[in-house]
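Comments concern the structure below.
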Amino acid sequence: MSKKIKTNKTGLVRPLLKSVREYKKPSLITPIFMAIEALCECLIPFFMATMITSIDKEGITANAAMQNILLYGGIMILLAGLSLTSGVLAGRFAATASCGFAKNLRHDLFYKVQKFSFSNVDKFSTSSLVTRLTTDVTNVQQSYQMCLRIVIRVPLQFLFAIIMSFVINPRLAWIFLAIVPVLALILIAIMRYVMPFFRKIFKKYDALNNSVQENVGGIRVVKSFVREEYETEKFEKAAGEVRNDFTKAEKILALNNPIMTLFINVAAVLIAFFSVYAIVDKSYWAAYDGFGAGQLSALISYGIQMLSCLMMFSMIFVMLSMSIESARRISEVLTQESDIVSPKEGVTEVKDGSIRFENVNFKYFEKADNYALSDIDLTINSGETVGILGGTGSSKTTLIQLIPRLYDATEGEVYVGGVNVKDYDLDVLRKEVSIVLQKNVLFLGTIKENLRWGDENATDEELERVCKLAQADEFIRAFPDGYDTHIEAGGTNVSGGQKQRLCIARALLRKPKVLILDDSTSAVDTKTDALIRHAFKEEIPDTTKIIIAQRVSSVEHADKILVLDGGKIIACGNHATLMESSDIYREIYEAQTKGKQTEGGEA
């Protein structure tokens, strides 16, 4: 999206670590086992050097030398066994902690999104949220496991190896220590250069997911317009951009291993040279008399350990370079505060379905130049049927979304049941104000399961009752499995009109004080539309009904009809009043009536 999302200043790590929760214990145990493993691996070369030195002094056949071989050999076997056991246990605990952390992180992200207001959701695209819940969480999960194991193990093992090197020969150990700052500066420089690439990559990931989502969701439209080739080219372009940026980043990161290998090999050559010199020329190394093959073997072993540590650090560096950006994107969601929240002691009962707008103005963004709604003053009595007409972009949907607080009015107040909507507990208000939106959505499952979104405890008799009101019972019974008919994701195996009627029935099941139909009968024929309106009038007379429609016939019998234009109510009254006072309403009515008469004459 074009609108830039600001990251909360609380940092990247703190919001994420809150998701560790019950997995703190394995997260804390893992580093302990890794420290034991690193210590054991660093002690083995030391005892190996001691054993070799004893052999040099005593000779391989001497009893004392054999005793030392058995002693130090036994110690090294015990250390190797302890190292193996610690490594296995660390792996198990790390896997438990990282997978549990990822589970909690996905839960927290999803829960946070559920609490967002519409304005919060507008700041993120759907595809971006999907990427954050999947790819980004996976990146962070892998990095978390690496942090518990390798990030703890590598510094400790490197530190132990340096210490043991100084114990054996401080003068030679400085060769290893001297290369560390140089390598650190190189890695930091590479990381600073690569990070912008990953920021671009994840934005393009969002675009790629958006292309997939849009294509799969509208596959019928794509096929009907024979646009498969166009969509394929669009996808290939998005996928190609991701590939190109990844390739650039990976080419730079690929320098890590060669650079480290070069420096470590240089260090190994210097160690070998000076070690041989130390063994041959005792006079120069008088302070380190006794330096021999055992000490040389240990130094080389510690050099290999350091190389291994640096290679593993390189792998961590690559993973962290990606996961830092993923962590930032996840933190954006976790730290995003909902614009609309329930008051601490919100009103828990909606008295009736009366609605009042007082001097309401609304715009979607604070910096927007124009108001989507302006100068709205409106009173609707409980039980009234209100129709809303207006052209595309006249803010009909925006008006009704202020009633259940899907958005808050920028200026002015909205009242339901005589109480300001901002004073209600959100769940209570939205249960009593039921909306059937323009885009009807059914979920994977049976018809019964979809209907029970309105009331999970509803009986079969209650389901049948609301379906009869919505004129859905007849076509449901025509299915072989009736109310147990399986609905595909998105309701793709039912028609548009059937989907609308099922959504109306689902809304009625909540027994709301206010029922809002946002152009929700556009896909049904006029006869069915009339039957639905008649059922509403007879069966739910105390429910306030607000009907947004394109057809005058859907609202002409309403108690009150609003005509919107440019976000303003330009006319209000019943059908007879508006026919006399509103030119726009009369033109709409006559245009639709003449159209019907023409169709009848031609027939």
Side-chain angles (χ1 to χ4, degrees), residues 1 3-24 26-28 30-31 94-113 115-116 120 123-155 187-188 190-209 242 245-246 249-250 252-253 256 312-337:
M1 294 186 65
K3 185 176 178 63
K4 186 176 181 180
I5 304 167
K6 293 183 179 179
T7 307
N8 196 291
K9 302 279 186 181
T10 57
L12 298 179
V13 178
R14 190 181 302 172
L16 272 62
L17 289 183
K18 291 179 181 178
S19 300
V20 176
R21 292 197 289 277
E22 69 269 29
Y23 297 97
K24 287 181 181 177
S27 297
L28 293 174
T30 299
T96 300
S98 61
C99 292
F101 169 62
K103 179 202 72 173
N104 288 345
L105 195 56
R106 286 192 180 94
H107 169 273
D108 294 346
L109 279 169
F110 190 79
Y111 184 80
K112 188 76 174 182
V113 171
K115 293 294 182 180
F116 280 172
N120 291 121
K123 295 176 183 178
F124 301 91
S125 68
T126 303
S127 58
S128 178
L129 289 172
V130 170
T131 305
R132 293 167 204 245
L133 276 159
T134 52
T135 304
D136 288 332
V137 171
T138 299
N139 287 341
V140 170
Q141 175 188 347
Q142 292 174 350
S143 293
Y144 186 69
Q145 184 171 12
M146 291 176 70
C147 287
L148 292 179
R149 298 189 66 193
I150 302 177
V151 172
I152 297 297
R153 183 181 188 276
V154 166
L187 290 177
I188 290 171
I190 292 174
M191 188 171 183
R192 288 174 64 89
Y193 189 76
V194 165
M195 282 305 298
F197 283 102
F198 285 115
R199 288 195 179 95
K200 290 168 61 179
I201 286 167
F202 284 106
K203 288 180 181 178
K204 289 177 180 178
Y205 254 136
D206 293 343
L208 181 66
N209 285 342
V242 172
D245 282 344
F246 251 123
E250 292 294 342
I252 298 168
L253 291 173
N256 288 339
M312 285 190 287
F313 183 78
S314 174
M315 182 173 62
I316 297 169
F317 166 76
V318 174
M319 190 64 216
L320 289 180
S321 297
M322 294 176 58
S323 61
I324 286 172
E325 181 59 21
S326 291
R328 185 190 67 80
R329 287 158 53 84
I330 292 171
S331 292
E332 283 179 349
V333 178
L334 292 177
T335 58
Q336 179 76 28
E337 295 299 329

For this session: Sequence neighbours left out, what passes side-chain hydrogen bond (donor to acceptor under 3.5 Å, both in side chains) with T30? Give chain and number order.
Result: none
Exercise. Atom CG of D136 and atom OG of S331: how far apart are they, to the nearest 0.5 Å?
Worked result: 10.5 Å
For this session: Starting at CG of L133, measure out to CZ of R329 and round the result to the nearest 0.5 Å.
Result: 10.5 Å
Exercise. By side-chain hydrogen bond (donor to acceptor under 3.5 Å, both in side chains), which residues pair with T138, not counting sequence neighbours?
Worked result: R106
Exercise. Got a donor-acceptor contact below 3.5 angstrom from the K112 side chain to the V333 backbone?
Worked result: no
Problem set entry | Shortest non-hydrogen contact between D108 and S19, atoms and distance | OD2-OG, 2.6 Å
Exercise. Are T135 and S326 close enough that some pair of their side-chain heavy atoms sits under 4.5 Å apart?
Worked result: no
Problem set entry | Partner residues of K103 under the salt bridge (charged side-chain N to carboxylate O under 4.0 Å, His left out) criterion, sequence neighbours left out | E22
Identify every side-chain donor-acceptor pair in residues 140-151 under 3.5 Å, counting partners at least two apart or on other chains, and give the distances.
| from | atom 1 | to | atom 2 | distance (Å) |
| --- | --- | --- | --- | --- |
| S143 | OG | N139 | O | 3.2 |
| S143 | OG | S323 | OG | 2.7 |
| Y144 | OH | S27 | OG | 2.7 |

For this session: Starting at CG of L129, measure out to OG1 of T134 and round the result to the nearest 0.5 Å.
Result: 10.5 Å
Problem set entry | NZ on K24 to CG on L17, rounded to 0.5 Å | 9.5 Å
Exercise. By side-chain hydrogen bond (donor to acceptor under 3.5 Å, both in side chains), which residues pair with T96, not counting sequence neighbours?
Worked result: none
Exercise. Can you tell if the side chain of L334 reaches within under 4.5 Å of the side chain of K18, non-hydrogen atoms only?
Worked result: no
For this session: To the nearest 0.5 Å, tell me how far K115 NZ sits from E337 CD.
Result: 13.0 Å
Exercise. So, for L16 and F101, which heavy atoms are closest and what is the spacing to 0.1 Å?
Worked result: O-CE1, 3.1 Å
